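Computed from a predicted structure; not experimentally measured. We're numbering straight along the sequence, starting at 1.
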Amino acid sequence: MEEMRRIAFETVLRACGFASLAIFCVMIGLSFLPRSAFQAGGFLSLIMTLVLLLKAEEARTKDHRRTEMWLYLPKDRRPPQSHAQEAVSTVMRETYLVFAYWSALVSIVMWIVVIGFSVLGL
């Protein structure tokens, strides 16, 4: 089970890393307007949070054999077919929810920075 959690964490981390890189690039593109850059970052982080929440909901019913985590899991470490669907969906759902929480925190911090810029009149 721990290997499944580790692999699920790695696959979701990689996907979130690419999304974060895209958000960072948008923010760098708007760096001449700091408030707009953080607004875009906060908005896009919020979208990432919503996508992760949708993926967590989808994990309940998605065929476990079609997940990236299942493909990376060594065949000798895979759970028996009778328990595989439940185990994989539970692990993936928990992982998506953890990353959604982290993404929501990043979004909140960015919106706090936007409010700070607004208060300062920047």
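- Phe43 and Val109 fall into different hydrophobic clusters, where Ile, Leu, Val, Met, Phe, Trp and Tyr are joined by side-chain heavy atoms under 4.5 Å apart, directly or via other members.
- Here the closest heavy-atom approach between residue Arg93 and residue Ala56 is recorded as CG-O, 3.5 Å.
- Pro79 is listed as a side-chain neighbour of Met4, based on a closest heavy-atom distance under 4.5 Å.
- The two residues Ala8 and Val91 have their closest heavy-atom pair at CB-CG1, 3.7 Å.
- Two different hydrophobic clusters hold Met48 and Phe24 under the rule that ILVMFWY side chains link at heavy-atom gaps under 4.5 Å.
- Panel note: side chain Thr11, backbone Met69; no donor-acceptor pair is recorded below 3.5 Å.
- Between Arg60 and Met92 the shortest side-chain heavy-atom distance does not fall below 4.5 Å.
- For Ile23 against Gly41, the heavy-atom pair with the smallest separation is CG2-CA, 3.9 Å.
- By the 4.5 Å heavy-atom criterion applied to side chains, Asp63 and Arg66 are counted as neighbours.
- Linking ILVMFWY side-chain heavy atoms closer than 4.5 Å, directly or via other members, places Tyr96 and Leu54 in two distinct hydrophobic clusters.
- Under the side chain to side chain contact (heavy atoms under 4.5 Å, CB included) test applied with Cys16, the options Leu52, Leu21, Val51 reduce to a single match, Leu52.
- Side-chain atoms of Ser107 and Ser45 form no donor-acceptor pair, as typed in the model, at a separation below 3.5 Å.
- Using a distance-only test at 3.5 Å, with no hydrogens or angles considered, no donor-acceptor pair links the side chain of Arg65 to the main chain of Trp70.
- Shown here is Phe18, whose CZ atom has no more than 12 heavy atoms of other residues, nucleotides or ligands within 6.0 Å.
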Would you mind writing out the side-chain donor-acceptor pairs for residues 111-122 within the sub-3.5 Å range, not counting sequence neighbours?
residue : atom : partner : partner atom : Å
Trp111  : NE1  : Gly42   : O            : 3.4
Ser118  : OG   : Arg35   : NH1          : 3.4
Ser118  : OG   : Val114  : O            : 3.1

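- If you take NE2 on His64 and CZ on Arg78, they are separated by 8.5 Å, rounding to the nearest 0.5 Å.
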Exercise for the section: Go through Glu10 and Arg14 one step at a time and tell me if the salt bridge (Lys or Arg N to Asp or Glu O under 4.0 Å) criterion holds. Expected result: CA-CA 6 Å; Glu10 289 173 1; Arg14 183 177 55 242; over 6 Å; no

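- Residue Leu46 is not grouped with residue Val106 when hydrophobic side chains (ILVMFWY) are merged at heavy-atom distances under 4.5 angstrom, including chains of intermediate members.
- Atoms CE and CG, on Met110 and Leu44 in that order, are 9.0 Å from each other to the nearest 0.5 Å.
- Tracing side-chain contacts under 4.5 Å through hydrophobic residues (I, L, V, M, F, W, Y), one never reaches Tyr101 starting from Leu50; they form parts of separate clusters.
- Proximity of Arg5 to Phe9: side-chain heavy atoms (C-beta onward) are nowhere separated by under 4.5 Å.
- For the pair Leu97/Leu53, a side-chain contact is recorded, criterion being any heavy-atom separation below 4.5 Å from C-beta on.
- If you take CG on Leu73 and CZ on Arg6, they are separated by 9.0 Å, rounding to the nearest 0.5 Å.
- For the pair Glu86/Thr90, a side-chain contact is recorded, criterion being any heavy-atom separation below 4.5 Å from C-beta on.
- The shortest non-hydrogen separation linking Val26 to Ala40 is CG1-CB, 4.1 Å.
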Practice task
Please step through side chain to side chain contact (heavy atoms under 4.5 Å, CB included) for the pair Ser89 and Lys62, ending with a clear verdict.
Solution key: CA-CA 7 Å; Ser89 63; Lys62 185 172 185 176; over 6 Å; no

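- Counting heavy-atom neighbours within 6.0 Å of Phe38 CZ, excluding the residue itself, gives a total of 12 or less.
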